[in-house]
Amino acid sequence: QVQLVESGGGLVQAGGSLRLSCVASGRTFNFATMGWFRQAPGKEREFVARIWTSGGTTNYTDSVKGRFAISRDNANNTVYLQMNALEPEDTAVYYCLGVGISTLYWGQGTQVTVSS
């Protein structure tokens with residue numbers, strides 16, 4: 001079985017930076033695409049960023065453009081989310097998603113809290 005484990009979350013002051021990582025364990029996978037979603041209390045889970053394994057094309061939700069950067073280490077089945085200029089509105093649980101051939105793999109989430 002495949003497990004995605006996120007790490008790197010924590011408490012940071014507004015304007016600070018965090019780098020989230022998501023590592024696939026259990027077996028080697030090359031996901032078609034991987035992405036990050038987040039969910040704040042009382043809100044629906046929303047898309048944050050994605051990266052395509054082939055070519056590395058990235059997409060971001062408007063609110064994080066210019067501040068967040070997603071990257072992928074295909075050899076190590078790892079995806080990162082570099083988050084700069086964090087804002088209190090970024091506070092949420094961040095979830096990693098890996099899209100397999102027939103299965104969606106979700107991590108357990110990592111809490112990001114941005115204080116003002």
Nearest heavy atoms of [X] and [Y], plus distance in Å:
X: Thr91; Y: Gln111; result: CG2-NE2, 4.0 Å
X: Ala14; Y: Ser116; result: CB-CA, 4.3 Å
X: Arg72; Y: Phe31; result: NH2-N, 3.3 Å
X: Val93; Y: Gly109; result: CG1-CA, 3.8 Å
X: Ser17; Y: Ala85; result: OG-N, 4.3 Å
X: Ala24; Y: Val2; result: CB-CG1, 4.4 Å

Please round to the nearest 0.5 Å and tell me the distance separating atom [atom1] of [X] and atom [atom2] of [Y].
X: Met34; Y: Thr78; atom1: CE; atom2: OG1; answer: 7.5 Å
X: Thr113; Y: Asp90; atom1: OG1; atom2: CG; answer: 11.0 Å
X: Leu86; Y: Asn84; atom1: CG; atom2: CG; answer: 7.0 Å
X: Thr33; Y: Ile51; atom1: OG1; atom2: CD1; answer: 8.0 Å

Would [X] and [Y] show up in the same hydrophobic cluster when neighbours are defined by side-chain heavy atoms closer than 4.5 Å?
X: Phe37; Y: Phe68; result: no
X: Val64; Y: Leu97; result: no
X: Val48; Y: Tyr60; result: yes
X: Ile70; Y: Tyr80; result: no
X: Val12; Y: Leu20; result: yes

Stepwise, does the side chain to side chain contact (heavy atoms under 4.5 Å, CB included) test hold for Glu46 with Arg38?
CA-CA 5 Å; Glu46 66 171 343; Arg38 66 187 182 186; 2.7 Å; yes
With a 4.5 Å limit on heavy-atom distance, are the side chains of Trp52 and Asn59 in contact?
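Of all side-chain heavy-atom pairs linking Asn59 with Trp52, at least one is under 4.5 Å.
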Inter- and intrachain pairs under side-chain hydrogen bond (donor to acceptor under 3.5 Å, both in side chains), touching residues 2-13, at least two apart:
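For residues 2-13: Ser7-Ser21.
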Go through the steps for Ser63 and Glu89 under the test side chain to side chain contact (heavy atoms under 4.5 Å, CB included), then give the verdict.
CA-CA 9 Å; Ser63 64; Glu89 292 75 18; over 6 Å; no
Using modelled atom types and a 3.5 Å cut-off, is there a donor and acceptor pairing between side-chain atoms of Thr58 and backbone atoms of Arg50?
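No; judged by distance alone, with no hydrogens or angles, the pair does not exist.
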Evaluate Cys96 against Trp106 for side chain to side chain contact (heavy atoms under 4.5 Å, CB included), listing each step before the verdict.
CA-CA 6 Å; Cys96 178; Trp106 288 96; over 6 Å; no
Atom CD of Gln39: over 12 foreign heavy atoms under 6.0 Å:
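Buried by this count: over 12 neighbours within 6.0 Å.
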